[in-house]
Amino acid sequence: MLKNKKFAGYAIAFLILGILFNFMYSGLQNDQINIIQSFSAWSATATQMPITVGNFVCIVLTFVYGTCFIRFGVRKTLIPCMIVCCLGCLGIAAAGGLAVTSGIDVQGATSTAEVGNYTLYFISLFLVRCGCMCFQMSSMQLAASWFIRYRGTVLGIVTLGSPLFSVVGTSVMTSLIQTQMGADYRPFYVGIAVILVLMAICVGLFLRDNPEDVGLFPDGSATKPKSEASDEVNLTVGQILKQGKSWIIFCNFGAYQFVINCCMASMATWFITLYATNAEVVAAGALGASVEALGATTLWVGQAVKWLSVGAILGIPMSFLFGVIDDNLGTPIACVILGITCIIPPAALAAQAGVVASTGACSVPLLVLWGFGVACMTGGVPTMHPASMSYAFGRREYQSANRIIMALQLIPSAFAASLMVALISAGHGVGAYIMVVCVAIFGILTTLPMFKWTDPNAADRIYGSKQ
(Lines give C-alpha, C1' and ligand atoms only; values in the text may rest on other atoms or scores of the structure.)
Protein backbone atom coordinates (compact mmCIF):
# COMPACT_ATOMS: atom_id res chain seq x y z
CA MET A 1 0.00 0.00 0.00
CA LEU A 2 2.74 2.47 0.96
CA LYS A 3 5.04 1.43 -1.92
CA ASN A 4 3.00 3.67 -4.20
CA LYS A 5 4.25 7.07 -3.02
CA LYS A 6 1.39 9.04 -4.58
CA PHE A 7 -1.18 6.79 -2.94
CA ALA A 8 0.76 6.86 0.33
CA GLY A 9 0.54 10.65 0.44
CA TYR A 10 -3.25 10.64 0.18
CA ALA A 11 -3.52 7.67 2.54
CA ILE A 12 -1.44 9.30 5.29
CA ALA A 13 -3.41 12.55 4.98
CA PHE A 14 -6.65 10.60 5.31
CA LEU A 15 -5.44 8.61 8.31
CA ILE A 16 -4.51 11.79 10.20
CA LEU A 17 -7.67 13.67 9.27
CA GLY A 18 -9.78 10.55 9.74
CA ILE A 19 -8.67 10.27 13.36
CA LEU A 20 -9.60 13.93 13.84
CA PHE A 21 -12.99 13.40 12.15
CA ASN A 22 -13.89 10.65 14.61
CA PHE A 23 -12.40 12.49 17.58
CA MET A 24 -14.54 15.54 16.86
CA TYR A 25 -17.62 13.52 16.00
CA SER A 26 -17.46 11.48 19.19
CA GLY A 27 -17.13 14.63 21.26
CA LEU A 28 -19.64 16.83 19.48
CA GLN A 29 -22.31 14.20 18.93
CA ASN A 30 -22.86 13.07 22.53
CA ASP A 31 -19.83 13.21 24.81
CA GLN A 32 -19.72 16.98 25.11
CA ILE A 33 -23.02 16.95 27.00
CA ASN A 34 -21.14 15.50 29.98
CA ILE A 35 -18.92 18.60 29.96
CA ILE A 36 -21.87 20.97 29.64
CA GLN A 37 -23.97 19.23 32.30
CA SER A 38 -21.05 19.32 34.71
CA PHE A 39 -20.85 23.12 34.63
CA SER A 40 -24.15 24.45 33.28
CA ALA A 41 -26.71 26.23 35.44
CA TRP A 42 -29.52 24.77 33.33
CA SER A 43 -31.09 21.43 34.23
CA ALA A 44 -29.90 18.13 32.76
CA THR A 45 -33.07 17.94 30.68
CA ALA A 46 -32.64 21.49 29.34
CA THR A 47 -28.98 21.01 28.41
CA GLN A 48 -29.80 17.69 26.72
CA MET A 49 -32.79 18.95 24.72
CA PRO A 50 -30.94 20.43 21.68
CA ILE A 51 -29.14 17.11 21.16
CA THR A 52 -32.39 15.19 21.56
CA VAL A 53 -34.09 17.29 18.89
CA GLY A 54 -30.96 17.11 16.72
CA ASN A 55 -30.98 13.31 16.98
CA PHE A 56 -34.37 13.22 15.29
CA VAL A 57 -33.34 15.67 12.58
CA CYS A 58 -30.19 13.63 11.91
CA ILE A 59 -32.37 10.71 10.87
CA VAL A 60 -33.25 12.69 7.76
CA LEU A 61 -29.84 14.34 7.45
CA THR A 62 -28.09 10.97 7.30
CA PHE A 63 -29.94 10.20 4.08
CA VAL A 64 -29.31 13.74 2.84
CA TYR A 65 -25.58 13.59 3.54
CA GLY A 66 -25.28 10.16 1.94
CA THR A 67 -27.10 11.35 -1.17
CA CYS A 68 -24.84 14.42 -1.34
CA PHE A 69 -21.78 12.13 -1.15
CA ILE A 70 -23.07 10.26 -4.19
CA ARG A 71 -24.02 13.34 -6.21
CA PHE A 72 -21.46 15.97 -5.18
CA GLY A 73 -18.70 14.09 -3.35
CA VAL A 74 -17.47 13.95 0.21
CA ARG A 75 -15.37 17.11 0.31
CA LYS A 76 -18.09 19.40 -1.06
CA THR A 77 -20.45 18.07 1.59
CA LEU A 78 -18.05 17.93 4.53
CA ILE A 79 -16.49 21.40 4.40
CA PRO A 80 -19.82 23.32 4.76
CA CYS A 81 -20.79 21.05 7.67
CA MET A 82 -17.53 21.90 9.41
CA ILE A 83 -18.24 25.60 9.05
CA VAL A 84 -21.74 25.10 10.50
CA CYS A 85 -20.26 23.28 13.50
CA CYS A 86 -17.70 26.05 13.93
CA LEU A 87 -20.46 28.66 14.14
CA GLY A 88 -22.38 26.45 16.56
CA CYS A 89 -19.38 26.16 18.91
CA LEU A 90 -18.97 29.93 18.93
CA GLY A 91 -22.68 30.23 19.70
CA ILE A 92 -22.40 27.88 22.69
CA ALA A 93 -19.53 29.98 24.03
CA ALA A 94 -21.54 33.17 23.54
CA ALA A 95 -24.67 31.74 25.19
CA GLY A 96 -23.09 31.35 28.64
CA GLY A 97 -25.43 29.91 31.27
CA LEU A 98 -22.69 28.64 33.59
CA ALA A 99 -22.95 27.58 37.21
CA VAL A 100 -20.09 29.77 38.43
CA THR A 101 -18.28 28.71 41.60
CA SER A 102 -16.64 31.54 43.48
CA GLY A 103 -13.14 30.89 44.73
CA ILE A 104 -10.48 28.41 43.61
CA ASP A 105 -10.66 26.20 46.70
CA VAL A 106 -13.89 24.21 46.67
CA GLN A 107 -13.97 24.08 50.46
CA GLY A 108 -16.57 26.59 51.54
CA ALA A 109 -17.15 27.75 47.97
CA THR A 110 -20.51 29.12 46.93
CA SER A 111 -22.22 28.53 43.61
CA THR A 112 -24.04 31.20 41.63
CA ALA A 113 -25.88 30.77 38.36
CA GLU A 114 -24.92 32.98 35.44
CA VAL A 115 -27.90 34.14 33.40
CA GLY A 116 -27.34 32.83 29.88
CA ASN A 117 -29.15 32.96 26.57
CA TYR A 118 -30.84 29.57 26.38
CA THR A 119 -32.30 30.20 22.93
CA LEU A 120 -28.83 30.85 21.50
CA TYR A 121 -27.50 27.80 23.35
CA PHE A 122 -30.27 25.60 21.96
CA ILE A 123 -29.80 26.72 18.36
CA SER A 124 -26.01 26.49 18.57
CA LEU A 125 -25.86 23.01 20.10
CA PHE A 126 -28.53 21.85 17.64
CA LEU A 127 -26.39 23.03 14.71
CA VAL A 128 -23.32 21.29 16.13
CA ARG A 129 -25.21 18.01 16.59
CA CYS A 130 -26.59 18.10 13.05
CA GLY A 131 -23.34 19.16 11.38
CA CYS A 132 -20.98 16.76 13.14
CA MET A 133 -22.92 13.76 11.80
CA CYS A 134 -21.14 14.35 8.50
CA PHE A 135 -17.70 13.93 10.11
CA GLN A 136 -18.02 10.25 10.87
CA MET A 137 -19.95 9.50 7.68
CA SER A 138 -17.14 11.12 5.67
CA SER A 139 -14.43 9.02 7.31
CA MET A 140 -16.47 5.88 6.66
CA GLN A 141 -17.08 6.75 3.02
CA LEU A 142 -13.46 7.68 2.33
CA ALA A 143 -12.20 4.48 3.95
CA ALA A 144 -14.63 2.39 1.91
CA SER A 145 -13.65 4.20 -1.31
CA TRP A 146 -9.87 4.12 -0.91
CA PHE A 147 -9.36 0.69 0.69
CA ILE A 148 -10.62 -2.85 0.09
CA ARG A 149 -7.86 -5.25 1.15
CA TYR A 150 -6.98 -3.21 4.25
CA ARG A 151 -10.33 -1.56 4.92
CA GLY A 152 -10.70 -3.05 8.42
CA THR A 153 -7.20 -2.05 9.51
CA VAL A 154 -7.61 1.47 8.12
CA LEU A 155 -11.00 1.86 9.78
CA GLY A 156 -9.43 0.62 13.00
CA ILE A 157 -6.84 3.39 12.79
CA VAL A 158 -9.13 6.33 11.97
CA THR A 159 -11.73 5.32 14.55
CA LEU A 160 -9.08 5.53 17.27
CA GLY A 161 -10.29 9.11 17.46
CA SER A 162 -13.51 8.08 19.22
CA PRO A 163 -12.04 6.38 22.31
CA LEU A 164 -9.29 9.00 22.30
CA PHE A 165 -11.93 11.63 23.02
CA SER A 166 -13.05 9.57 26.01
CA VAL A 167 -9.56 10.18 27.39
CA VAL A 168 -8.69 13.68 26.22
CA GLY A 169 -12.15 15.13 25.79
CA THR A 170 -14.52 13.86 28.43
CA SER A 171 -11.91 13.22 31.09
CA VAL A 172 -8.98 15.59 30.67
CA MET A 173 -11.05 18.51 29.41
CA THR A 174 -13.63 18.18 32.18
CA SER A 175 -10.88 18.22 34.80
CA LEU A 176 -9.06 21.07 33.05
CA ILE A 177 -12.21 23.20 32.84
CA GLN A 178 -12.87 22.53 36.52
CA THR A 179 -9.39 23.27 37.82
CA GLN A 180 -7.82 25.70 35.34
CA MET A 181 -10.73 27.56 33.74
CA GLY A 182 -12.85 28.24 36.80
CA ALA A 183 -15.62 25.91 35.58
CA ASP A 184 -15.95 28.03 32.42
CA TYR A 185 -16.17 25.90 29.26
CA ARG A 186 -16.44 28.86 26.86
CA PRO A 187 -12.70 29.02 25.95
CA PHE A 188 -12.90 25.29 25.24
CA TYR A 189 -15.59 25.84 22.59
CA VAL A 190 -13.74 28.75 21.02
CA GLY A 191 -10.71 26.48 20.67
CA ILE A 192 -12.86 23.78 19.04
CA ALA A 193 -14.13 26.35 16.52
CA VAL A 194 -10.57 27.26 15.52
CA ILE A 195 -9.64 23.61 15.09
CA LEU A 196 -12.67 23.04 12.85
CA VAL A 197 -11.62 25.86 10.52
CA LEU A 198 -8.11 24.43 10.21
CA MET A 199 -9.54 20.97 9.51
CA ALA A 200 -11.79 22.34 6.76
CA ILE A 201 -8.77 23.91 5.06
CA CYS A 202 -6.84 20.63 5.24
CA VAL A 203 -9.77 18.69 3.78
CA GLY A 204 -9.82 20.98 0.75
CA LEU A 205 -6.07 20.73 0.23
CA PHE A 206 -5.18 17.12 0.97
CA LEU A 207 -8.17 14.82 0.45
CA ARG A 208 -9.89 13.45 -2.66
CA ASP A 209 -13.14 11.50 -2.81
CA ASN A 210 -11.91 8.43 -4.70
CA PRO A 211 -8.51 7.05 -5.74
CA GLU A 212 -9.72 6.92 -9.34
CA ASP A 213 -10.08 10.74 -9.26
CA VAL A 214 -6.28 11.04 -9.21
CA GLY A 215 -5.42 8.06 -11.41
CA LEU A 216 -5.05 5.50 -8.60
CA PHE A 217 -6.74 2.29 -7.48
CA PRO A 218 -7.81 1.14 -3.98
CA ASP A 219 -5.01 0.07 -1.62
CA GLY A 220 -2.39 1.57 -3.95
CA SER A 221 -2.76 -1.35 -6.34
CA ALA A 222 -1.50 -1.05 -9.91
CA THR A 223 -4.65 -2.65 -11.32
CA LYS A 224 -8.41 -2.39 -10.96
CA PRO A 225 -9.92 -4.55 -8.17
CA LYS A 226 -10.65 -8.12 -9.28
CA SER A 227 -14.02 -8.09 -7.54
CA GLU A 228 -15.25 -5.06 -9.48
CA ALA A 229 -15.31 -6.43 -13.01
CA SER A 230 -18.99 -5.64 -13.43
CA ASP A 231 -20.53 -2.18 -13.57
CA GLU A 232 -21.85 -0.36 -10.51
CA VAL A 233 -25.51 -1.14 -9.85
CA ASN A 234 -26.59 2.02 -7.94
CA LEU A 235 -29.17 0.36 -5.73
CA THR A 236 -32.40 2.25 -5.13
CA VAL A 237 -34.08 2.78 -1.77
CA GLY A 238 -36.64 0.09 -2.57
CA GLN A 239 -33.98 -2.43 -3.57
CA ILE A 240 -32.09 -1.85 -0.33
CA LEU A 241 -35.16 -2.21 1.87
CA LYS A 242 -36.22 -5.47 0.19
CA GLN A 243 -32.97 -7.22 1.14
CA GLY A 244 -32.88 -9.20 4.37
CA LYS A 245 -29.26 -8.30 5.07
CA SER A 246 -30.25 -4.63 5.25
CA TRP A 247 -32.49 -5.38 8.21
CA ILE A 248 -29.85 -7.55 9.88
CA ILE A 249 -27.40 -4.63 9.88
CA PHE A 250 -30.19 -2.29 10.96
CA CYS A 251 -30.86 -4.49 14.00
CA ASN A 252 -27.34 -5.29 15.17
CA PHE A 253 -25.66 -1.93 14.67
CA GLY A 254 -28.85 -0.09 15.53
CA ALA A 255 -28.64 -1.87 18.89
CA TYR A 256 -24.94 -1.09 19.35
CA GLN A 257 -25.45 2.58 18.47
CA PHE A 258 -28.35 2.76 20.91
CA VAL A 259 -26.09 1.38 23.65
CA ILE A 260 -23.44 4.01 22.92
CA ASN A 261 -25.93 6.88 23.02
CA CYS A 262 -27.50 5.60 26.25
CA CYS A 263 -24.18 5.26 28.06
CA MET A 264 -22.31 8.31 26.79
CA ALA A 265 -25.16 10.81 27.16
CA SER A 266 -26.10 9.75 30.68
CA MET A 267 -22.91 8.90 32.54
CA ALA A 268 -22.36 12.34 34.10
CA THR A 269 -25.99 12.52 35.23
CA TRP A 270 -25.75 8.98 36.62
CA PHE A 271 -22.63 9.54 38.72
CA ILE A 272 -23.78 12.94 39.95
CA THR A 273 -27.10 11.35 40.93
CA LEU A 274 -25.34 8.47 42.69
CA TYR A 275 -23.30 10.83 44.85
CA ALA A 276 -26.14 13.25 45.50
CA THR A 277 -28.56 10.53 46.60
CA ASN A 278 -25.97 9.04 48.97
CA ALA A 279 -25.25 12.31 50.78
CA GLU A 280 -25.70 10.67 54.19
CA VAL A 281 -22.99 8.09 53.50
CA VAL A 282 -20.62 10.70 52.13
CA ALA A 283 -21.24 13.11 55.00
CA ALA A 284 -20.48 10.32 57.46
CA GLY A 285 -16.89 10.36 56.25
CA ALA A 286 -16.68 7.54 53.73
CA LEU A 287 -15.15 9.88 51.15
CA GLY A 288 -13.44 12.21 53.57
CA ALA A 289 -15.60 15.24 52.72
CA SER A 290 -19.25 16.18 52.60
CA VAL A 291 -21.37 16.58 49.51
CA GLU A 292 -22.19 20.08 50.70
CA ALA A 293 -18.52 21.05 50.67
CA LEU A 294 -17.39 19.39 47.48
CA GLY A 295 -20.59 19.13 45.47
CA ALA A 296 -21.73 16.13 43.46
CA THR A 297 -20.23 17.59 40.29
CA THR A 298 -16.80 17.87 41.87
CA LEU A 299 -17.01 14.25 42.98
CA TRP A 300 -17.92 13.22 39.42
CA VAL A 301 -14.94 15.14 38.05
CA GLY A 302 -12.54 14.11 40.79
CA GLN A 303 -13.30 10.39 41.01
CA ALA A 304 -15.17 8.89 38.07
CA VAL A 305 -13.59 10.91 35.27
CA LYS A 306 -9.97 10.07 36.07
CA TRP A 307 -10.68 6.34 36.05
CA LEU A 308 -12.57 6.70 32.78
CA SER A 309 -9.27 7.95 31.38
CA VAL A 310 -7.36 4.95 32.68
CA GLY A 311 -9.84 2.44 31.32
CA ALA A 312 -10.18 4.26 28.00
CA ILE A 313 -6.40 4.27 27.50
CA LEU A 314 -6.41 0.50 27.98
CA GLY A 315 -9.20 0.13 25.44
CA ILE A 316 -7.89 2.40 22.68
CA PRO A 317 -5.92 -0.39 20.91
CA MET A 318 -9.17 -2.39 20.65
CA SER A 319 -10.34 -0.13 17.82
CA PHE A 320 -7.33 -1.16 15.75
CA LEU A 321 -7.67 -4.78 16.86
CA PHE A 322 -11.26 -4.94 15.60
CA GLY A 323 -10.01 -3.82 12.19
CA VAL A 324 -7.23 -6.41 12.11
CA ILE A 325 -9.69 -9.15 13.06
CA ASP A 326 -12.05 -7.94 10.33
CA ASP A 327 -9.33 -8.14 7.66
CA ASN A 328 -7.87 -11.48 8.71
CA LEU A 329 -10.75 -13.51 10.21
CA GLY A 330 -13.80 -11.88 8.67
CA THR A 331 -16.41 -9.27 9.56
CA PRO A 332 -18.92 -11.55 11.38
CA ILE A 333 -16.35 -12.71 13.95
CA ALA A 334 -15.26 -9.13 14.66
CA CYS A 335 -18.90 -8.04 15.06
CA VAL A 336 -19.66 -10.72 17.65
CA ILE A 337 -16.60 -9.74 19.71
CA LEU A 338 -17.73 -6.11 19.46
CA GLY A 339 -21.17 -7.01 20.78
CA ILE A 340 -19.65 -8.66 23.83
CA THR A 341 -17.65 -5.50 24.65
CA CYS A 342 -20.85 -3.41 24.32
CA ILE A 343 -22.26 -5.24 27.35
CA ILE A 344 -19.44 -4.01 29.62
CA PRO A 345 -20.24 -0.25 30.03
CA PRO A 346 -23.94 -0.50 30.99
CA ALA A 347 -23.26 -3.51 33.24
CA ALA A 348 -20.47 -1.64 35.05
CA LEU A 349 -22.63 1.48 35.45
CA ALA A 350 -25.52 -0.51 36.91
CA ALA A 351 -23.22 -2.34 39.34
CA GLN A 352 -21.90 0.95 40.77
CA ALA A 353 -25.25 1.76 42.37
CA GLY A 354 -24.95 -1.00 44.95
CA VAL A 355 -21.31 -0.17 45.66
CA VAL A 356 -21.97 3.54 46.22
CA ALA A 357 -25.01 2.77 48.38
CA SER A 358 -22.97 0.58 50.72
CA THR A 359 -19.61 2.36 50.81
CA GLY A 360 -20.25 5.92 49.60
CA ALA A 361 -17.56 5.52 46.95
CA CYS A 362 -17.42 3.98 43.50
CA SER A 363 -15.54 0.75 42.89
CA VAL A 364 -12.25 1.58 41.15
CA PRO A 365 -12.09 -1.77 39.29
CA LEU A 366 -15.61 -1.15 37.97
CA LEU A 367 -14.61 2.35 36.89
CA VAL A 368 -11.61 1.02 34.99
CA LEU A 369 -13.71 -1.74 33.44
CA TRP A 370 -16.31 0.85 32.48
CA GLY A 371 -13.69 3.03 30.80
CA PHE A 372 -12.25 0.05 28.95
CA GLY A 373 -15.71 -0.89 27.71
CA VAL A 374 -16.40 2.67 26.60
CA ALA A 375 -13.20 2.72 24.54
CA CYS A 376 -14.00 -0.65 22.94
CA MET A 377 -17.53 0.46 22.18
CA THR A 378 -16.88 3.96 20.89
CA GLY A 379 -13.92 2.78 18.81
CA GLY A 380 -15.31 -0.56 17.71
CA VAL A 381 -18.74 0.45 16.47
CA PRO A 382 -17.43 3.13 14.05
CA THR A 383 -14.87 0.59 12.83
CA MET A 384 -17.23 -2.31 12.28
CA HIS A 385 -20.29 -0.42 11.01
CA PRO A 386 -18.74 0.59 7.65
CA ALA A 387 -16.87 -2.71 7.52
CA SER A 388 -20.17 -4.56 7.85
CA MET A 389 -21.87 -2.36 5.27
CA SER A 390 -19.03 -3.02 2.83
CA TYR A 391 -19.14 -6.72 3.69
CA ALA A 392 -22.82 -6.79 2.76
CA PHE A 393 -22.91 -4.51 -0.30
CA GLY A 394 -19.36 -3.98 -1.56
CA ARG A 395 -17.25 -0.85 -2.03
CA ARG A 396 -19.22 0.79 -4.82
CA GLU A 397 -22.66 0.23 -3.32
CA TYR A 398 -21.58 1.12 0.20
CA GLN A 399 -23.11 4.59 0.33
CA SER A 400 -26.27 3.62 -1.57
CA ALA A 401 -27.05 1.27 1.32
CA ASN A 402 -25.45 3.21 4.16
CA ARG A 403 -27.47 6.41 3.70
CA ILE A 404 -30.70 4.43 4.16
CA ILE A 405 -29.77 1.85 6.80
CA MET A 406 -27.84 4.32 8.95
CA ALA A 407 -30.78 6.75 8.88
CA LEU A 408 -33.11 4.01 10.11
CA GLN A 409 -30.66 3.08 12.87
CA LEU A 410 -30.82 6.61 14.23
CA ILE A 411 -34.54 6.32 14.98
CA PRO A 412 -34.18 4.29 18.21
CA SER A 413 -30.92 6.11 19.04
CA ALA A 414 -32.74 9.44 18.92
CA PHE A 415 -34.70 8.45 22.02
CA ALA A 416 -31.70 7.08 23.93
CA ALA A 417 -30.40 10.18 25.72
CA SER A 418 -33.74 11.61 26.81
CA LEU A 419 -34.97 8.15 27.86
CA MET A 420 -31.93 7.56 30.07
CA VAL A 421 -32.04 11.00 31.70
CA ALA A 422 -35.76 10.55 32.41
CA LEU A 423 -35.28 7.08 33.94
CA ILE A 424 -32.30 8.16 36.04
CA SER A 425 -34.14 11.27 37.26
CA ALA A 426 -37.10 9.06 38.24
CA GLY A 427 -34.84 6.80 40.30
CA HIS A 428 -34.75 3.89 37.86
CA GLY A 429 -31.12 4.13 36.77
CA VAL A 430 -30.21 0.53 37.50
CA GLY A 431 -33.20 -0.77 35.59
CA ALA A 432 -32.33 1.53 32.70
CA TYR A 433 -28.80 0.13 32.38
CA ILE A 434 -30.09 -3.46 32.64
CA MET A 435 -32.35 -2.63 29.71
CA VAL A 436 -29.29 -1.38 27.79
CA VAL A 437 -27.47 -4.68 28.51
CA CYS A 438 -30.43 -6.56 27.02
CA VAL A 439 -30.25 -4.38 23.89
CA ALA A 440 -26.54 -5.25 23.49
CA ILE A 441 -27.36 -8.97 23.75
CA PHE A 442 -30.04 -8.51 21.08
CA GLY A 443 -27.37 -6.97 18.85
CA ILE A 444 -25.15 -10.04 19.25
CA LEU A 445 -27.99 -12.44 18.39
CA THR A 446 -28.91 -10.52 15.24
CA THR A 447 -25.27 -10.60 14.12
CA LEU A 448 -25.21 -14.39 13.77
CA PRO A 449 -26.91 -14.54 10.32
CA MET A 450 -23.95 -12.60 8.87
CA PHE A 451 -21.87 -15.80 8.96
CA LYS A 452 -23.89 -17.05 5.96
CA TRP A 453 -23.09 -14.03 3.74
CA THR A 454 -20.45 -13.69 1.02
CA ASP A 455 -18.33 -10.53 0.79
CA PRO A 456 -18.75 -8.96 -2.70
CA ASN A 457 -15.09 -7.87 -2.53
CA ALA A 458 -13.78 -11.18 -1.16
CA ALA A 459 -11.36 -11.64 -4.09
CA ASP A 460 -9.49 -8.49 -3.00
CA ARG A 461 -9.60 -9.06 0.76
CA ILE A 462 -6.81 -10.55 2.90
CA TYR A 463 -8.85 -13.49 4.18
CA GLY A 464 -10.31 -13.97 0.70
CA SER A 465 -6.87 -14.41 -0.84
CA LYS A 466 -6.06 -17.08 1.75
CA GLN A 467 -9.06 -19.20 0.81
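What's counted below: heavy atoms across the whole structure, side chains too, no hydrogens, waters or symmetry copies.
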Heavy-atom donor-acceptor pair, K6 side chain to V214 backbone, under 3.5 Å | yes
Under 3.5 Å, is there a donor-acceptor pair between the side chain of S319 and the main chain of G156?
-> yes
Ring centres of Y121 and F126 under 6.0 Å apart?
-> no
Show the numbers, then the answer: is there a side chain to side chain contact (heavy atoms under 4.5 Å, CB included) between I248 and W453?
-> CA-CA 11 Å; I248 293 297; W453 300 354; 3.7 Å; yes
Apply ring pair (Phe, Tyr, Trp, His ring centres under 6.0 Å) to Y256 and list each qualifying residue two or more places apart in sequence or on a separate chain.
-> F253
Just checking, K245 and F393: is the charged tip under 6.0 Å from the six-membered ring centre and within 45° of the axis?
-> yes
Is there side-chain contact between Q136 and M406, with heavy atoms separated by less than 4.5 Å?
-> yes
Y391 side chain vs D326 backbone, donor-acceptor pair below 3.5 Å = no
Output yes when a side-chain donor or acceptor of Q141 lies under 3.5 Å from a complementary backbone atom of S138, and no otherwise.
-> no
State plainly whether the residues R151 and D327 are in salt-bridge range, i.e. N to O under 4.0 Å.
-> no
Does some side-chain heavy atom of F372 sit less than 4.5 Å from a side-chain heavy atom of V368?
-> no
Evaluate the side-chain proximity of Q29 to N261: yes if any heavy-atom separation is below 4.5 Å, no if none is.
-> yes
Please step through side chain to side chain donor-acceptor pair (under 3.5 Å) for the pair Y189 and S124, ending with a clear verdict.
-> CA-CA 11 Å; Y189 278 97; S124 300; over 6 Å; no
At what distance, to the nearest 0.5 angstrom, does CG of L125 lie from CE of M49?
-> 11.5 Å
Answer with yes or no after comparing the ring centroid distance for Y10 and F14 against a 6.0 Å cut-off, counting only values under it.
-> no
Taking it one step at a time, do M384 and T159 satisfy side chain to side chain contact (heavy atoms under 4.5 Å, CB included)?
-> CA-CA 10 Å; M384 294 313 306; T159 55; over 6 Å; no
Check: Q409/Q257 side-chain N/O donor and acceptor closer than 3.5 Å | no
Please tell me if the side chains of L160 and N22 come closer than 4.5 Å, counting only heavy atoms from C-beta onward.
-> no
Is there a side-chain contact between H385 and N402, using heavy atoms and a 4.5 Å cut-off?
-> yes
For the pair T446 and F442, evaluate side chain to side chain contact (heavy atoms under 4.5 Å, CB included) and give the outcome as yes or no after the intermediate values.
-> CA-CA 6 Å; T446 53; F442 171 76; 3.6 Å; yes
From CA spacing to verdict: side chain to side chain contact (heavy atoms under 4.5 Å, CB included), Y398, N457 = CA-CA 11 Å; Y398 166 81; N457 294 122; over 6 Å; no
Sub-3.5 Å donor-acceptor pair from the side chain of S221 to the main-chain atoms of P218, do we have one?
-> no
Between CZ of R395 and CD1 of I148, what distance do you get to the nearest 0.5 Å?
-> 5.0 Å
Should I70 and R403 count as side-chain neighbours, where that means a heavy-atom distance under 4.5 Å?
-> yes
Got Y185 and I36 here, is their nearest side-chain heavy-atom distance under 4.5 Å?
-> yes
Distance-minimising heavy-atom pair for P163 and I316 = CB-CG1, 3.9 Å
Closest non-hydrogen atom pair between I444 and I340, with its separation = CD1-N, 3.7 Å
For F322 and C376, the nearest pair of non-hydrogen atoms, with its separation, is CE1-O, 3.7 Å
Taking atom CG of L321 and atom OG1 of T383, what is their separation to the nearest 0.5 Å?
-> 10.0 Å
Of all heavy-atom pairs between C134 and T77, which one has the smallest distance, and what is that distance?
-> SG-CG2, 3.9 Å
For atom NZ of K76, decide whether the heavy atoms of other residues, nucleotides or ligands shown that lie under 6.0 angstrom number more than 12.
-> no
Would you say the ring centroid of F165 lies under 6.0 angstrom from that of F23?
-> yes
CD1 of I51 to CZ of R129: how many Å apart, nearest 0.5 Å?
-> 7.5 Å
How far apart are the closest heavy atoms of D209 and W146, and which atoms are they?
-> O-NE1, 3.4 Å
Are the side chain of E212 and the backbone of F217 linked by a donor-acceptor contact shorter than 3.5 Å?
-> no
F7 and D219: which non-hydrogen atoms are nearest, and at how many Å?
-> CZ-N, 3.4 Å
Are K224 and D460 within salt-bridge range, i.e. N to O under 4.0 Å?
-> no
Sidechain-backbone polar pair: W247 side chain, L241 backbone, donor-acceptor under 3.5 Å | yes
Check whether any side-chain heavy atom of I325 lies under 4.5 Å from a side-chain heavy atom of I337, and answer yes or no.
-> yes
With rounding to the nearest 0.5 Å, note down the distance linking CZ in R75 to CG in D213.
-> 8.5 Å
Using modelled atom types only, decide if a donor and an acceptor are shared between the side chain of S246 and the backbone of I240 within a distance under 3.5 Å.
-> yes
Spacing of CD1 belonging to I16 relative to CZ belonging to F206, to within rounding of 0.5 Å | 9.5 Å
Residues in ring pair (Phe, Tyr, Trp, His ring centres under 6.0 Å) contact with F56, at least two apart in sequence or another chain | F415
